[in-house]
Amino acid sequence: TFKFGVYLRFVLWYVPLYVVLVILIALYIVSIFKAGRERWQYEGKYDPEARQLHKQQQKEVTSVIWYPLIYLLINIIPLINRIHDVASNDSSLVLWYMHGIIIPLLGGFIALAFTLDPETLRRLRCAELRAAAWQLCHKDVEEYPIKAARGDSYATESTKL
């Protein structure tokens with residue numbers, strides 16, 4: 001039997017999540033078709049600046065096209081789990097484990113897609129990564145001198161810090 005909490009969970013979390021996912025799929029399909037159509041569109045007179053701008057736009061679209069796809073693919077397992085949970089009286093332990101393992105890895109998969117971008121990969125050098133790691137681990141704590149604030153402009157010598 002359903003309880004009020006189950007209804008509330010679905011109405012407040014899962015319905016908006018999957019409505020947004022459906023909208024994301026629609027926008028994803030539209031953007032892929034539009035980018036493909038513009039690639040072969042006739043542009044009239046040859047303009048080197050317009051051609052360069054068009055190439056730059058195509059490069060930017062292809063570099064960010066993977067992020068929504070990764071998000072959609074990651075959310076398929078929770079969708080299957082929720083449908084199975086509602087449709088049957090017993091829960092599938094395997095689906096719950098997959099749900100619990102896959103969802104936290106979303107950021108890792110997006111980071112992996114980010115590093116597979118050729119422009120980002122070109123900027124990631126071993127020396128730069130080592131320097132960033134060293135800087136992260138060896139932060140120095142600095143002390144700043146105490147100065148009188150604006151509200152302390154009427155302070156006398158005996159009350160100044």
Side-chain angles (χ1 to χ4, degrees), residues 1-44 47 49-142 144:
T1 62
F2 280 112
K3 295 182 181 174
F4 179 70
V6 175
Y7 287 126
L8 198 59
R9 178 176 38 161
F10 271 87
V11 168
L12 293 179
W13 176 250
Y14 291 107
V15 171
L17 174 68
Y18 292 115
V19 165
V20 169
L21 283 177
V22 168
I23 292 170
L24 184 64
I25 289 170
L27 291 175
Y28 186 74
I29 291 170
V30 167
S31 65
I32 287 175
F33 281 129
K34 187 170 180 171
R37 189 171 14 128
E38 286 181 2
R39 180 180 297 162
W40 303 109
Q41 189 176 16
Y42 176 71
E43 294 181 9
D47 185 9
E49 291 178 11
R51 186 80 174 147
Q52 187 66 22
L53 181 65
H54 186 69
K55 283 183 181 180
Q56 181 69 22
Q57 288 174 345
Q58 286 296 115
K59 196 165 123 180
E60 289 176 3
V61 166
T62 55
S63 68
V64 298
I65 205 103
W66 293 106
Y67 304 120
L69 184 64
I70 290 171
Y71 187 76
L72 292 173
L73 291 176
I74 291 292
N75 278 295
I76 287 176
I77 298 291
L79 175 64
I80 293 169
N81 186 22
R82 290 302 169 195
I83 291 172
H84 180 270
D85 201 27
V86 168
S88 68
N89 291 334
D90 59 333
S91 294
S92 171
L93 188 62
V94 174
L95 282 176
W96 277 107
Y97 277 132
M98 288 173 58
H99 184 165
I101 291 170
I102 295 286
I103 285 295
L105 295 177
L106 175 64
F109 286 128
I110 288 179
L112 180 66
F114 184 71
T115 57
L116 292 179
D117 179 37
E119 183 71 22
T120 305
L121 197 57
R122 186 178 60 82
R123 292 182 180 179
L124 290 177
R125 296 206 180 1
C126 192
E128 292 175 1
L129 291 175
R130 269 189 260 131
W134 186 87
Q135 189 176 25
L136 185 67
C137 294
H138 295 92
K139 285 188 177 179
D140 293 331
V141 177
E142 297 179 19
Y144 294 101

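The residues of the chain are indexed from 1 along the displayed sequence.
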* **Distance-minimising heavy-atom pair for Ile103 and Pro78** => CD1-CG, 3.4 Å

* Asked: Does a side-chain heavy-atom distance below 4.5 Å link His99 with Leu95?
  -> no

* **Between CG on residue Leu106 and OH on residue Tyr71, distance to nearest 0.5 Å** => 7.0 Å

* **Ile102 vs Asn75, side-chain contact (heavy atoms from CB on, under 4.5 Å): CA-CA, chis, key distance, verdict** => CA-CA 9 Å; Ile102 295 286; Asn75 278 295; over 6 Å; no

* **Closest heavy-atom pair and its distance - Pro68, Leu24** => CB-CD1, 4.0 Å

* Would you give the length of the straight line joining atom CD1 of Ile76 to atom CD1 of Ile80, rounded to the nearest 0.5 angstrom? => 6.5 Å

* Structure fact -> d(Leu21 CG, Leu72 CG) to nearest 0.5 Å is 6.0 Å

* Assess whether atom CH2 of Trp96 is packed by more than 12 heavy atoms of other residues, nucleotides or ligands within 6.0 Å. => yes

* To do: For Tyr18 and Leu79, indicate whether the former's side chain and the latter's backbone hold a donor-acceptor pair under 3.5 Å.
  => yes

* Structure fact -> The side chain to side chain contact (heavy atoms under 4.5 Å, CB included) partner of Val19 among Val15, Val22, Leu17 is Val15

* To do: Go through Ile74 and Leu105 one step at a time and tell me if the side-chain contact (heavy atoms from CB on, under 4.5 Å) criterion holds.
  => CA-CA 9 Å; Ile74 291 292; Leu105 295 177; 5.7 Å; no

* **Within 6.0 angstrom of Tyr97 OH, more than 12 heavy atoms from elsewhere** => no

* Asked: Side chain of Ser88, backbone of Asp85: donor and acceptor closer than 3.5 Å?
  -> no

